[in-house]
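All heavy atoms count here, side chains included; hydrogens, waters and symmetry mates do not.
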Amino acid sequence: QVQLVESGGGLVQAGGSLRLSCAASGRSFSSSAMGWFRQAPGKEREFVAAISATGAYTAYADSVKGRFTISRDNAKNTVYLQMNSLKSEDTAVYYCAARSGRGTRTSSDEYDFWGQGTQVTVSS
C-alpha cells in the first residue's frame, strides 16, 4: 500500500507560480514512477506530467510544456511540480499518483495509487 499526500495548492494570479509537493510513504518510492494529473470542474481527469523512478526521464502534456517542471527527491520520498506562468485554464484539483513500474506513463489507468488532491485556482 502507498500513501500519497499533496500540498502546495492555493490561489494565485495569472502569470504567477506555485510548487506542489507530494509526500509518499508505505513502499519503495525510488522504484516507482510518479505522475501528476488534474481535473477541472465538469472535465475528465487529464495527464499533466510524469517522472521515471530514477528521475532520468520526464513527460509533459503539451498544454504545460515549457511552464511546468516535475522533479523528485528520492531521499525525501517526495515528488514536486513547479508551475510557472500559470493561466486561468490551469485551475483544477491536482492529483499525485504512483505506479508499480519504473517508466513514465501518461494514462491514469497505469497508476495504482492516488493522493487526495490539492486545489489550484488561478485568477485572471
| field | Thr91 side chain vs Thr121 backbone, donor-acceptor pair below 3.5 Å | value | no
| Can you name the nearest heavy-atom pair linking Ala40 to Ala92, along with the distance? | N-CB, 3.8 Å
| request: Taking Arg67 for its side chain and Ser85 for its backbone only, find out whether a donor-acceptor pair lies under 3.5 Å. | output: yes
| Under 4.5 Å between side-chain heavy atoms, hopping through other hydrophobics if needed: is there a path connecting Trp36 to Phe113? | yes
| task | Output yes when a side-chain donor or acceptor of Gln39 lies under 3.5 Å from a complementary backbone atom of Glu44, and no otherwise. | result | no
| Mind checking whether Lys76 and Phe29 have side chains closer than 4.5 Å, heavy atoms only? | no
| query | Is a donor on one side and an acceptor on the other found under 3.5 Å between the side chain of Asn74 and the backbone of Ala53? | reply | yes
| request: Verify, without hydrogens or angle tests, whether Asp112 (side chain) and Ser100 (backbone) share a donor-acceptor contact under 3.5 angstrom. | output: yes
| message | Between Phe68 and Leu18, does the side chain to side chain contact (heavy atoms under 4.5 Å, CB included) criterion hold? Intermediate values first, please. | response | CA-CA 10 Å; Phe68 290 11; Leu18 281 176; over 6 Å; no
| query | Can the ring centres of Tyr60 and Phe47 be said to be less than 6.0 Å apart? | reply | no
| field | Any donor-acceptor pair under 3.5 Å from Arg99 side chain to Gly103 backbone | value | yes
| message | Rounded to the nearest 0.5 Å, what separates atom OG in Ser30 from atom CZ in Arg72? | response | 7.5 Å
| So do the side chains of Val120 and Arg38 get within less than 4.5 Å of each other, counting heavy atoms only? | no
| query | If Ile, Leu, Val, Met, Phe, Trp and Tyr residues are connected whenever their side-chain heavy atoms lie under 4.5 Å apart, and connections chain through other members, are Val12 and Tyr94 in the same group? | reply | yes
| field | Within 45° cone and under 6.0 Å: Arg19 NZ/CZ vs Tyr80 ring | value | yes
| Hydrophobic cluster identity match, Leu81 and Phe37, side-chain contacts under 4.5 Å | no
| query | For Arg105, does its backbone N or O pair with a side-chain atom of Tyr111 as donor and acceptor, under 3.5 Å? | reply | yes
| query | What residues, two or more places apart in sequence or in another chain, satisfy side-chain hydrogen bond (donor to acceptor under 3.5 Å, both in side chains) together with Ser88? | reply | none
| request: Write down the atom of Ser32, the atom of Ser28, and the distance for their closest heavy-atom approach. | output: OG-O, 3.4 Å
| query | Do NZ/NE/NH1/NH2 and the carboxylate oxygens of Asp62 and Lys65 come within less than 4.0 Å? | reply | yes
| request: Tell me whether the guanidinium CZ or amine NZ of Arg45 lies under 6.0 angstrom from the six-membered ring centre of Tyr95 and within 45° of its axis. | output: yes
| field | Close side-chain approach of Val122 to Leu11, heavy-atom, < 4.5 Å | value | no
| task | Indicate yes or no for a side-chain donor-acceptor contact from Gln119 to the backbone of Gly10 under 3.5 Å, with no hydrogens or angles considered. | result | no
| Is Gln82 close to Leu20 at the side-chain level, that is, under 4.5 Å between some pair of heavy atoms? | no
| query | So which heavy atom on Ser21 is nearest to which on Thr78, and how close? | reply | CB-CG2, 4.3 Å
| query | When rounded to the nearest 0.5 angstrom, what distance separates CD in Gln13 from OG in Ser124? | reply | 9.5 Å
| Got Ile70 and Val79 here, is their nearest side-chain heavy-atom distance under 4.5 Å? | yes
| said: Using every non-hydrogen atom in the two residues, find where Met34 and Cys22 come nearest and quote the distance to one decimal. | reply: CE-SG, 4.4 Å
| note | d(Ser25 OG, Gln3 CD) to nearest 0.5 Å is 4.0 Å
